[in-house]
Amino acid sequence: RGTAAASRQDGDLTARAFDRDWGQLAFVAGADTLDNPYFPSRGMSGRLQWNVGLEGLGSETDFQTLRLDSIFAVSRGRQAFNLNISGGDTIQGDLPLASLFTLGGPFSFPGYSVEELTGETFAVARGMYRYKLTDSSKSLLKVPLYVGATLVAGNAWARHGDAEASDLRVGANVFLAADTVIGPVFITAGAADDGRTALYFFVGKPF
C-alpha cells in the first residue's frame with residue numbers, strides 16, 4: 001500500500017502536479033546460487049514475480065502483471081561474464097502510472113535516466129564483461145577493483161501487445177567499480193543508439 005506525488009519537471013503535461021495511489025499483493029518465487037550479489041563470477045539466479053493490484057487495497061485499477069528476471073555468471077581467471085534476461089507483461093487490466101515497468105540507468109539501460117523508459121510490457125537482455133584489476137590485499141584502498149563493459153538490447157512498450165522487434169533499443173556502457181564495505185561503488189559512462197549519453201556515479205545497489 002502506498003501513495004506518491006508527482007510534478008512536471010520538463011515538457012508538456014495537462015496537470016502540472018498529481019497524486020498517485022497503489023495497493024497490491026506481490027507473490028515471488030526464486031532461486032539464487034550466485035557467489036556475489038553485485039560482482040558474480042559463477043552461479044545463476046531466477047526470480048518470478050506476480051503482482052495483483054486491487055482497488056480494494058487502494059490501487060487506482062484492478063490489474064495483474066508477471067515479471068521474470070534471470071542472471072547467469074561464469075568466469076575464467078580474472079575475467080567474468082554475466083548474462084541477464086528480464087521481461088514483464090500485463091496479463092489483466094490497465095496499469096496505473098505508479099505500477100508501470102521501468103527501464104533506465106547505468107545497468108538497467110545505459111544512456112537513459114533511472115526509470116526513464118516506462119510501459120505495460122518490457123523485455124531486455126544484458127551481457128556484461130568484467131575484469132578484476134586487483135585483489136583487496138593488493139589494492140591501494142584495500143578493496144577489489146574491476147573494469148568492464150555492458151551491452152544491452154530491449155525496450156519498454158506503452159501497451160500490452162505493442163512489443164515489436166523493430167522497436168528494440170541498444171545501449172552500452174563502460175565502468176570502473178570497487179566492492180567496498182558500504183556496498184559497490186561505480187563510475188560509468190553509457191550511451192544509447194539514439195544518441196543519448198550519460199555519466200553515472202553511485203554507491204549501493206546498481207540500477
Side-chain angles (χ1 to χ4, degrees), residues 1-11 13 15 17-28 30 37-38 45-53 58-61 63-71 82 84-128 150-165 167-173 175 184 186 188 190-194 196-207:
R1 179 72 178 93
T3 186
S7 61
R8 180 179 67 111
Q9 299 299 308
D10 191 18
L13 189 65
F18 49 92
D19 296 327
R20 285 292 181 261
D21 295 298
W22 67 92
Q24 61 188 44
L25 301 175
F27 303 89
V28 183
Y38 304 119
S45 72
R47 174 186 171 100
L48 179 65
Q49 181 165 331
W50 174 34
N51 281 17
V52 181
S59 175
E60 297 174 35
T61 63
F63 67 87
Q64 295 185 42
T65 63
L66 279 177
R67 175 177 180 140
L68 175 66
D69 295 282
S70 61
I71 301 176
N82 297 166
N84 167 230
I85 299 175
S86 299
D89 196 11
T90 304
I91 58 177
Q92 184 183 66
D94 296 319
L95 293 192
L97 179 64
S99 299
L100 292 172
F101 295 111
T102 62
L103 291 172
F107 294 101
S108 173
F109 214 105
Y112 293 93
S113 299
V114 175
E115 298 185 347
E116 183 175 351
L117 303 174
T118 65
E120 293 188 348
T121 301
F122 88 100
V124 65
R126 306 177 185 90
M128 176 187 290
T150 306
L151 180 65
V152 180
N155 205 351
W157 290 269
R159 299 296 179 190
H160 168 76
D162 285 352
E164 296 283 350
D167 296 331
L168 289 178
R169 304 171 189 261
V170 177
N173 72 6
F175 63 86
F186 284 88
T188 173
D193 60 349
D194 60 359
R196 297 290 300 274
T197 59
L199 293 174
Y200 313 91
F201 171 77
F202 63 97
V203 179
K205 183 179 179 180
F207 293 101

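Separation of atoms CG (L103) and CD (E115) is listed at 9.5 Å; rounding is to 0.5 Å. For the atom pair R126 CZ and N84 CG, the distance stands at 4.5 Å (nearest 0.5 Å). W157 CH2 to D89 CG: the interatomic distance, rounded to the nearest 0.5 Å, is 10.0 Å. L117 CG to L100 CG: the interatomic distance, rounded to the nearest 0.5 Å, is 12.0 Å.
Taking each heavy atom of G53 and Q24 in turn, the nearest pair found is CA-CB, 3.7 Å. Heavy atoms only, all atoms of each residue included: A192 and P110 are closest at CB-O, 3.8 Å. Counting all heavy atoms, side chain and backbone alike, S108 lies closest to V124 at O-CG2, 4.3 Å. Scanning all heavy atoms of the two residues, the minimum distance from F107 to V152 falls at O-CG2, 4.2 Å. Closest heavy-atom contact between S86 and S70: OG-N, 4.4 Å. Here the closest heavy-atom approach between residue G154 and residue F109 is recorded as O-CE1, 3.6 Å.
Between the side chain of N82 and the main chain of M128, no donor-acceptor pair closer than 3.5 Å is present. A distance-only check finds no donor-acceptor pair linking the side chain of T121 to the backbone of A163 [under 3.5 Å]. D69 contributes no side-chain N or O that, together with a main-chain N or O of R47, makes up a donor-acceptor pair within less than 3.5 Å. One N or O on the side chain of Y200 and one on the backbone of G111 form a donor-acceptor pair closer than 3.5 Å.
Aromatic ring pairs are classed by plane angle as parallel below 30°, tilted from 30° to 60° and perpendicular above 60°; the pair F122 and F101 is tilted.
F175 has its side chain out of reach of P106: every pair of non-hydrogen atoms, C-beta onward, lies at least 4.5 Å apart.
Screening N51, L25, I91, L95 against Q64 for a side chain to side chain contact (heavy atoms under 4.5 Å, CB included) leaves a single residue, I91.
Contacts of L151 classified as side-chain contact (heavy atoms from CB on, under 4.5 Å), with partners at least two apart in sequence or in another chain: V170, A172. With sequence neighbours left out, R169 forms a side-chain hydrogen bond (donor to acceptor under 3.5 Å, both in side chains) with Y112, N155.
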